[in-house]
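What follows is one structure encoded as structure tokens, with my remarks underneath.
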Amino acid sequence: AGAYSGAITVQGGPNSLRIPYLFFGPSGAAANLIPLVGDFDGVVGGGSPNGIIAIKLVDAFGLPASGVRVAWTASSGGSVTNADSVTDSFGIAVAQPILGSSPGSYSYTVTARGPGGLSFTFTGTARAQPIISSVVDGASLMTGTFAPGSYISLVGSGLSDFTDAH
């Protein structure tokens, strides 16, 4: 572990070439946690994973910290698969968040075990399943058969997070 430096001299006839080198050996101790993938949005219910959340642990030299145990926890009724994992040879740990049954904000926290207690919290929003009650012509607002290229409007609930209500 640490930094190693020196030089190699290559002799070829009357000339020599000095080649300096610097080599970093990973310490294995996590000094920094880098979030890679996360901050998700999804639909409540279903009980299936909503993508992945991932982090990378590196040592003081920026090299991967492999074999570090991490723990993933969920709040607000959510859960997480692969809750206890170990970083791979690239220092990466991955889990899959599962949203709870109610709309709202969910958070998932990862904590690297060992000195320093590095942690990060991913957040996401769960929405109710949209319900489409009808499809209407965008100009006449009538239901029926539509010609290719027609403008249509979707009518229902939970189609947007925003409303025009004043």
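All values derive from a computational prediction rather than experimental measurement.
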Note to self: Working to the nearest 0.5 angstrom, can you tell me the gap between Phe122 CZ and Thr109 OG1?
What the structure shows: 9.5 Å

Checklist line | Shortest non-hydrogen separation from Val80 to Trp72 and the atoms involved | finding: CG1-O, 3.7 Å

Margin query: Test: salt bridge (charged side-chain N to carboxylate O under 4.0 Å, His left out). Region: residues 100-109. Which pairs qualify, not counting sequence neighbours?
Written below: none

Margin query: With rounding to the nearest 0.5 angstrom, report the OG to CD1 distance, Ser85 to Ile92.
Written below: 12.0 Å

N/O donor to acceptor pairs below 3.5 angstrom from side-chain atoms of residues 55-71, sequence neighbours left out:
{"residue": "Asp59", "atom": "OD1", "partner": "Phe61", "partner atom": "N", "Å": "2.9"}
{"residue": "Asp59", "atom": "OD1", "partner": "Gly62", "partner atom": "N", "Å": "3.1"}
{"residue": "Asp59", "atom": "OD1", "partner": "Leu63", "partner atom": "N", "Å": "2.9"}
{"residue": "Asp59", "atom": "OD2", "partner": "Ser27", "partner atom": "N", "Å": "2.9"}

Next item on the list: Hey, could you give me each pair passing salt bridge (charged side-chain N to carboxylate O under 4.0 Å, His left out) that has a residue in residues 133-160? Not counting sequence neighbours.
Entry: none

Checklist line | Heavy-atom pair of closest approach, residues Pro130 and Gly158 | finding: CB-O, 3.4 Å

Notebook entry, point to check: Got a sec, which residues hit side chain to side chain contact (heavy atoms under 4.5 Å, CB included) with Ser157, two or more places apart in sequence or on another chain?
Noted result: Ile131

Note to self: Starting from Phe90, can I reach Val37 by hopping between I/L/V/M/F/W/Y residues whose side chains sit under 4.5 Å apart?
What the structure shows: yes

Check: Between Leu118 and Ala31, which heavy-atom pair has the shortest distance, and what is it?
Finding: CD1-C, 3.7 Å

Notebook entry, point to check: Taking all non-hydrogen atoms of both residues, which atom of Gly51 and which atom of Pro97 are closest, and how far apart?
Noted result: O-CD, 3.5 Å

Checklist line | Pairs meeting criterion salt bridge (charged side-chain N to carboxylate O under 4.0 Å, His left out) with involvement of residues 97-114, two or more places apart | finding: Asp84-Arg113

Check: In chain order, what residues pass the side-chain hydrogen bond (donor to acceptor under 3.5 Å, both in side chains) check against Ser119, with sequence neighbours excluded?
Finding: none

Next item on the list: Rounded to the nearest 0.5 Å, what's the gap from OG on Ser5 to CZ on Phe24? Could you check?
Entry: 9.0 Å

For residues 10-22, which side-chain N or O atoms pair as donor and acceptor with protein atoms under 3.5 Å away, sequence neighbours left out?
{"residue": "Gln11", "atom": "NE2", "partner": "Gly13", "partner atom": "O", "Å": "2.9"}
{"residue": "Gln11", "atom": "NE2", "partner": "Asn15", "partner atom": "O", "Å": "3.3"}

Check: Which salt bridge (charged side-chain N to carboxylate O under 4.0 Å, His left out) pairs, counting each pair once, include a residue from residues 87-105, with sequence neighbours left out?
Finding: none

Check: In the hydrophobic cluster built from side-chain contacts under 4.5 Å, what are the other members alongside Val155?
Finding: Val136, Leu141

Checklist line | Same apolar cluster: Ile34 and Ile52, side chain cutoff 4.5 Å | finding: yes

Checklist line | Within 6.0 Å of CG in Leu154, more than 12 heavy atoms from elsewhere | finding: yes

Check: Residues in side-chain hydrogen bond (donor to acceptor under 3.5 Å, both in side chains) with Ser75, at least two apart?
Finding: Ser107

N/O donor to acceptor pairs below 3.5 angstrom from side-chain atoms of residues 142-153, sequence neighbours left out:
{"residue": "Ser150", "atom": "OG", "partner": "Ala147", "partner atom": "N", "Å": "3.2"}
{"residue": "Ser150", "atom": "OG", "partner": "Ala147", "partner atom": "O", "Å": "2.6"}

Notebook entry, point to check: Do you know the tightest heavy-atom contact between Gly78 and Tyr106?
Noted result: N-CE2, 3.7 Å

